[in-house]
Undergrad: 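Take this structure, written in structure tokens, and hold onto it; I'll ask about it next.
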Amino acid sequence: MSNRCCIILAAGDGKRMNSANPKVLMPVLFEPMLGWVLDSVKDAGIEDTNVGVITGSSADKVAEYLAARGKFRTFLQEERKGTGHAVMQAESMLSECCSDILVLCGDAPFMDSGTINAAYELHKQQNSDVTVITANVSPAGSYGRIKRDKNTNLLSAIVEMKDCTPEELAITEVNSGAYWFKSERLLWALPQLRDNNKSGEFYLTDTVGLLAKNASTYMADDSIIVLGANDRRQLRALNDMMTEVINSRHYSEGVDIIGHNVIIGKDVKIGRDTLLMPNTIIRGQTTIGSGCIIGPNTQISDCKIGDNVNFNCVQAFKSKIGDKVKAGPYVHIRPGTTLHNNVKIGDFVEVKNSEIGEGTALAHLTYIGDSSVGKNVNFGCGTVTANYDGLEKHRTIIGDNAFIGCNTNLIAPVEVGESAATAAGSTISKDVPAGALAIERGQLNVKEDWYKNKLRLDKKK
Ligand code: UD1
Ligand code: CA
């Protein structure tokens, strides 16, 4: 049994988002805000099973998202009566599972594991009943204000903006909505909450006043941790800020980004001296090696890419790319594809669910689907694998050093042996043995003096 648990408040509806989805599932860089929070909790070293999420609005959608991610606990808050009321729903977890409990907002994606753990250190060191994570924000907007005792300067209460006096409104130290509590002290304070405030809600922040005798604050290094979004404009701002944060991390790791509109998802890893060019989106579980040039106008999702790869105007999904692969422009690499080292793919080529051997070239206007292709194969312009018979998909197998002539149709299932060739314009519906040449063409029929004869006939008319 671990001594650290976490409750994430995620019951809010977020009406101003004007979405079919609940607010915590609104994405920042393709990942729901709740996902960012869950990752920070995980990075802080708190196990899934010690995390309870308070659901309410679209609870089923949130629960479905959580189930796909791990073994989290959920607590349904049927009526939305405030953040204190939300935490009360997880009372059973508080009493059974831990001594220290972290409370976070599910809509604050910038909260990071470093801040969480630094606040925890302080919490333990001071042996506090509650440690509030605060930040300096000016103007402080609608955040709860951190009120301090005039004499001791110690935390005395958190006052919500709506309930502030003009003097309190001027305070710039704000509540991030994240706290470490001693769970037994939180259990003691929760039943004492009242909803006699401007919002008529049970404020979690009032527990801080109740525990003020033994409360402390941890001020975050960067006030970005408090940010959340209530509408699409703010969500857009979070996306822009997160892009800055992520791209900046890649600069530190030796990656160059030139121009604009380079958007990188949170889990993407990129090697040193790789250059990213404008209008490039890289997302999912993608890793890219070093010395690559990616973009412009490229989208990559869930791919593993080697070193010194060059992608210009490429769309690649769920595929493995070796070293020194060159692709583009206008290339579509669909799921299940493996391109070995030194593969060359030129304009208007689509590859799907296929393995392409080292040094093979697919230079122009070609579709390769459900195929296993050997090394150093040359595909002429306009090659097509006919992999689908209307009912089932079939495989095409091509051996090393084969030569596929321009405008060849390969009717799968079919095999072209090692060093075999197909003549330009052939439709290959039978296996071609190693070393053979397959020609499938009608006899060429040349009519001499056709034009002259045509003119003569026309004149007669
Ligand atoms: C809260 C804090 C405020 C702090 C701010 C930081 C209170 C009373 N105020 O204000 O001091 O500066 O966060 O962002 O806590 N939620 C529920 N159930 C509810 C109400 C809210 O699950 O009944 C969830 C929301 O989905 C959200 C989080 O709690 O994820 C915060 O709620 P919100 O209404 O946004 O609180 P704020 O008014 O922003
Ligand atoms: Ca909020």
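All ligand and atom numbering here is 1-based and tracks the order in the structure.
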Undergrad: Which ligand 1 atoms, with their elements, are less than 4.0 angstrom from a heavy-atom of G144?
TA: 3 (C), 4 (C), 11 (O), 12 (O)
Undergrad: With atoms numbered from 1 as shown, which atoms in ligand 1 lie under 4.0 angstrom from a non-hydrogen atom of T83?
TA: 7 (C), 8 (C), 15 (O), 20 (C), 21 (C), 29 (O), 31 (C), 32 (O)
Undergrad: With backbone taken as N, CA, C and O and side chain as the heavy atoms from C-beta onward, which portion of E201 lies under 4.0 Å from ligand 1: side chain, backbone, both, or neither?
TA: neither
Undergrad: Look only at interatomic distance and state if E160 has a nitrogen or oxygen under 3.5 Å from any nitrogen or oxygen of ligand 1.
TA: yes
Undergrad: Among V41, L38, T49, exactly one meets side-chain contact (heavy atoms from CB on, under 4.5 Å) together with F72. Which residue is that?
TA: L38
Undergrad: Can you run down the ring-ring contact (aromatic ring centres under 6.0 Å, His included) pairs that involve residues 306-332, sequence neighbours left out, and say none if there aren't any?
TA: F317-H332, Y330-F348
Undergrad: Taking side chain to side chain donor-acceptor pair (under 3.5 Å) as the test, write out the residues that go with Q285, two or more places apart.
TA: D267
Undergrad: Heavy atoms, side chains only, cut-off 4.5 Å: are R283 and S301 in contact?
TA: yes
Undergrad: Please confirm whether G12 comes within less than 3.5 Å of ligand 1 when only nitrogen or oxygen atoms on both sides are compared.
TA: yes
Undergrad: Do any nitrogen or oxygen atoms of Y179 come within less than 3.5 Å of a nitrogen or oxygen of ligand 1?
TA: no
Undergrad: Could you tell me whether A86 approaches ligand 1 through its side chain, its backbone, both or neither, with non-hydrogen atoms closer than 4.0 Å?
TA: side chain
Undergrad: Is ligand 1 under 4.0 Å from a heavy atom in the side chain of A108, in the backbone, in both, or in neither?
TA: neither
Undergrad: Pick one of side chain, backbone, both or neither for how S142 approaches ligand 1, counting any non-hydrogen atom pair under 4.0 Å.
TA: neither
Undergrad: Between ligand 1 and Y143, is the shortest N or O to N or O distance under 3.5 Å?
TA: no
